[in-house]
Amino acid sequence: MKIATFNINGIKARAEALVTWLREAEPDLVALQEIKSTDEAFPHEIFEGLGYFIETHGQKSFNGVALLSKLPLEDVERGLPGDDGDEQARWIEATVVGKRAVRFCGLYLPNGNPAPGPKYDYKLAWMERMRARAAELLASEEPVILAGDYNVIPQDEDAAKPEAWREDALALPDSRAAFRRIVNLGYTDAFRAEVEGPGHYTFWDYQAGAWQRNNGIRIDHMLLSPQAADLLRGVTIDKEIRGRDKPSDHVPLVIELDA
DNA sequence: ATGGTCGAAACTCGA
């Protein structure tokens with residue numbers, strides 16, 4: 001099963017480019033972030049026409065996540081537990097049954113800038129809520145995938161210019177520690193299970209020629225439960241599409257799972 | 001040190 005996560009930065013602006021990529025890559029299961037759309041305004045029919053089931057958790061203008069799947073999406077849950085007052089659409093999960101049942105979570109973790117400040121406090125609180133949900137999911141002892149835009153640069157080697165991110169919410173020590181607290185529950189960073197060393201990025205800013213200078217960061221991740229990590233057969237970053245017309249500032253991270 | 005670019009939607013904010 002080919003599984004991807006892709007921050008598309010607006011479904012209305014990206015529908016055409018997304019269809020092109022889906023036709024080429026033919027993923028079975030995709031987590032989308034930053035749909036920037038309400039559920040009603042999301043162009044479901046375009047993706048249903050490509051043979052995907054689709055579930056969205058959107059809001060007007062900002063944030064918003066969605067799941068696309070060639071197999072039915074079962075037991076869909078929207079919203080990250082732990083704060084009934086949180087109105088930001090950043091979490092959706094569902095079960096997909098192939099050879100194995102997989103619990104697939106799509107997440108758009110808060111950016112957190114400027115730090116310090118209320119947005120950074122929200123990011124860290126959100127990460128603690130995510131840790132609690134990740135721990136619950138581990139207890140199922142089933143394959144679990146936490147896929148999305150984490151807005152966390154895990155280590156200096158995950159940035160072309162780490163010094164430029166020293167004071168940024170994506171790289172501050174508290175952000176990295178909160179990310180490690182989730183990993184250390186027993187999850188595997190799928191990309192780092194397969195690839196060592198610097199120079200691998202999933203995001204290049206639109207500004208200052210970041211793509212042309214390869215000034216990127218690795219902030220889109222898939223964390224795998226032990227039962228999912230056992231099934232990992234490969235990982236790729238579809239970097240090439242960043243150079244196309246009207247690209248997202250992120251590119252897809254794709255894994256092959258024997259499920 | 002600054003400004004540089006996008007998307008959604010509205011005359012600005014979030015990234």
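Order of the sequence lines fixes the chain letters, A, B, ..., with proteins taken first and strands second; residue numbering starts at 1 for each chain.
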In whole Å, I'd like the distance from the [atom1] atom of [X] to the [atom2] atom of [N].
{"X": "A/L170", "N": "B/dG14", "atom1": "CG", "atom2": "C1'", "answer": "13 Å"}
{"X": "A/D220", "N": "B/dA15", "atom1": "CG", "atom2": "P", "answer": "15 Å"}
{"X": "A/N215", "N": "B/dT5", "atom1": "CG", "atom2": "C1'", "answer": "14 Å"}
{"X": "A/N7", "N": "B/dA8", "atom1": "CG", "atom2": "P", "answer": "12 Å"}
{"X": "A/R242", "N": "B/dT5", "atom1": "CZ", "atom2": "P", "answer": "13 Å"}
{"X": "A/R244", "N": "B/dC6", "atom1": "CZ", "atom2": "P", "answer": "18 Å"}
{"X": "A/R213", "N": "B/dG4", "atom1": "CZ", "atom2": "P", "answer": "14 Å"}
{"X": "A/D249", "N": "B/dT5", "atom1": "CG", "atom2": "P", "answer": "14 Å"}

Q: Between A/D149 and A/K246, name the one whose nearest nucleotide on DNA chain B is closer to the 5' end.
A: A/K246
**Q.** Closest-nucleotide ordering on DNA chain B, the 5'-leading residue of A/Q207 and A/A13
**A.** A/Q207
[N] and [M]: how far apart are their [atom1] atoms, nearest whole angstrom?
{"N": "B/dG7", "M": "B/dA1", "atom1": "P", "result": "31 Å"}
{"N": "B/dA10", "M": "B/dG14", "atom1": "P", "result": "14 Å"}
{"N": "B/dG3", "M": "B/dA9", "atom1": "C1'", "result": "24 Å"}

Q.
By the definition ring pair (Phe, Tyr, Trp, His ring centres under 6.0 Å), identify the one residue from A/F179, A/F191, A/Y187 that meets it with A/H221.
A. A/F179
Q: Could you label the plane-to-plane angle of the A/F6 and A/W21 rings as parallel, tilted or perpendicular, counting under 30° as parallel and over 60° as perpendicular?
A: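 Ring orientation, 0 to 90° scale: perpendicular.
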Q) Any side-chain heavy atom of A/P110 sitting closer than 4.5 Å to one from A/Q88? A)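 A/P110 does not reach A/Q88 side chain to side chain.
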Q.
Is it the case that atom CD in A/E16 sees more than 12 heavy atoms from other parts of the structure closer than 6.0 Å?
A.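 No, CD of A/E16 has 12 or fewer neighbouring heavy atoms, counting only those of other groups under 6.0 Å.
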Q) What do you reckon, is CD of A/E167 surrounded by more than 12 foreign heavy atoms closer than 6.0 Å? A)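 It does not: A/E167 CD has 12 such atoms or fewer within range.
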Q. Counting any heavy atom closer than 4.0 Å, what does A/Y108 reach on the DNA or RNA strands: base, sugar-phosphate only, or nothing?
A.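 Since only primed, P, OP1 and OP2 atoms lie under 4.0 Å of A/Y108, the category is sugar-phosphate.
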Q. When all nucleic acid strands are considered with a 4.0 Å heavy-atom cut-off, which category describes A/I11: base, sugar-phosphate, or nothing?
A.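 A/I11: backbone/sugar contact only, no base atoms under 4.0 Å.
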What does the list of N/O pairs under 3.5 Å between the protein and nucleotides 9-13 of chain B look like, with a distance for each?
none

Q: Mind checking ring-ring contact (aromatic ring centres under 6.0 Å, His included) for A/Y108 and listing every partner two or more places apart, or none if nothing turns up?
A: none
**Q.** Nearest non-hydrogen partners of A/A135 and A/L185, listed with the distance
**A.**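 It is N-CD1, 3.8 Å.
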